[in-house]
Amino acid sequence: MARMSRAWLVKSEPDAYSYDDLERDGRTMWDGVRNYQARNFMRDEMRVGDAVLFYHSNIAAPAVVGVARVASEPYPDPTQFEAGDPHFDPKASEDAPRWVVVDLEPMRRLPEPVALERLKEDPEVEGLALVRRGNRLSVMPVSHAHYRHVLRLGGLDPDAP
DNA sequence: GCCAACGTTGGC
DNA sequence: GCCAACGTTGGC
């Protein structure tokens with residue numbers, strides 16, 4: 001039996017890379033993740049076809065703004081090998097890569113962005129890592145129930161293709 | 001292995 | 001711009 005697809009949330013500062021940018025590019029390499037917990041989720045659990053909530057962070061009104069799709073298996077993050085790159089890691093080598101990426105593709109923009117402020121007062125999303133105090137993870141798992149709820153809040157039918 | 005200092009994230 | 005909450009680093 002095929003693996004059940006999973007749902008995730010990724011954060012991005014829109015000044016650095018926004019959902020608009022993802023739609024413009026059509027596909028992007030999700031590079032620069034330098035946190036072990038986030039890395040482990042990507043490396044060990046993210047697979048092609050998984051759904052991804054795309055969240056804009058570090059702005060006046062942080063919000064989930066769209067849905068993306070994991071478009072590749074995890075593979076070594078090339079920026080870790082590039083001296084001079086902001087994400088260069090001198091302790092990583094081609095033989096022993098430390099960091100991974102996946103490719104992401106845009107799926108649907110949410111007709112109504114779902115603000116963090118909105119989620120924080122919603123008992124339906126209790127347990128969602130995003131609304132836990134002090135959470136700084138940039139890649140986190142989202143339950144199917146929470147994923148579907150966020151889509152509905154954003155004005156999408158979770159059962160529509 | 002402890003823990004203080006430091007750096008980063010990200011909401012506000 | 002502030003600062004709380006973390007994660008990492010490095011001296012010991």
Side-chain angles (χ1 to χ4, degrees), chain A residues 6-25 28-46 50-70 74-104 106-143 145-147 149-156:
Chain A
R6 297 196 56 174
W8 305 93
L9 182 145
V10 301
K11 295 177 183 174
S12 187
E13 300 189 16
D15 292 344
Y17 198 86
S18 67
Y19 195 77
D20 279 345
D21 294 325
L22 182 61
E23 287 196 322
R24 178 201 64 209
D25 294 344
T28 199
M29 186 175 72
W30 204 247
D31 63 6
V33 173
R34 294 293 181 272
N35 169 282
Y36 286 105
Q37 202 180 346
R39 188 278 310 267
N40 292 345
F41 284 135
M42 293 174 74
R43 184 190 64 190
D44 303 336
E45 301 185 37
M46 265 195 184
D50 283 0
V52 178
L53 298 174
F54 197 100
Y55 175 83
H56 282 171
S57 67
N58 220 5
I59 51 173
V64 179
V65 296
V67 183
R69 170 184 179 276
V70 175
Y75 60 98
D77 183 341
T79 65
Q80 71 192 302
F81 307 127
E82 293 164 15
D85 188 283
H87 297 301
F88 175 64
D89 182 346
K91 293 179 180 165
S93 68
E94 306 265 357
D95 287 343
R98 177 173 295 201
W99 307 108
V100 301
V101 296
V102 295
D103 291 351
L104 294 183
M107 296 291 284
R108 295 288 305 280
R109 180 185 298 274
L110 297 185
E112 293 289 337
V114 180
L116 177 63
E117 190 180 30
R118 166 75 180 78
L119 290 172
K120 281 184 140 177
E121 63 193 20
D122 188 343
E124 291 282 322
V125 294
E126 188 179 355
L128 178 67
L130 183 71
V131 298
R132 277 208 299 266
R133 171 183 164 83
N135 164 63
R136 292 181 0 186
L137 258 187
S138 61
V139 176
M140 67 190 79
V142 177
S143 73
H146 288 165
Y147 172 76
H149 184 65
V150 170
L151 255 60
R152 279 190 297 268
L153 290 175
L156 292 181

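Within every chain, numbering begins at 1; the chains are lettered A, B, ... in the order of the sequence lines, protein sequences first and strands thereafter.
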Rounded to the nearest Å, what distance is computed from the [atom1] atom of residue [X] to the [atom2] atom of nucleotide [N]?
| X | N | atom1 | atom2 | answer |
| --- | --- | --- | --- | --- |
| H56(A) | dT9(B) | NE2 | P | 17 Å |
| R34(A) | dT9(B) | CZ | P | 11 Å |
| E117(A) | dC12(B) | CD | P | 8 Å |
| R118(A) | dC12(B) | CZ | P | 15 Å |
| L9(A) | dG10(B) | CG | C1' | 14 Å |

- Item | Sub-4.5 Å side-chain heavy-atom contact between P113(A) and H56(A) | no

Original post:
With a 4.5 Å limit on heavy-atom distance, are the side chains of Y36(A) and R98(A) in contact?
Top reply: yes

Grab the N/O contacts between the protein and nucleotides 1-8 of chain B below 3.5 Å, and write none if there aren't any.
from, atom 1, to, atom 2, distance (Å)
dT8(B), O2, R136(A), NH1, 3.1

Strictly under 6.0 Å, is that where the ring centroids of W8(A) and F54(A) end up?
-> no

Practice item. Answer yes or no: does a side-chain N or O of K120(A) lie under 4.0 Å from OP1 or OP2 of dC12(B)? Key: yes

Margin query: Would you say K11(A) places a side-chain N or O within less than 4.0 Å of OP1 or OP2 belonging to dT9(B)?
Written below: no

- Could you tell me whether D77(A) and R39(A) make a salt bridge, using a distance below 4.0 angstrom between a side-chain N and a carboxylate O? no

The residue, G134(A) or N58(A), whose nearest nucleotide of DNA chain C is more 5′ is N58(A)

Sequence neighbours excluded, the answer for salt bridge (Lys or Arg N to Asp or Glu O under 4.0 Å) partners of D25(A) is none

Residues passing the salt bridge (Lys or Arg N to Asp or Glu O under 4.0 Å) test with R43(A), sequence neighbours excluded, are none

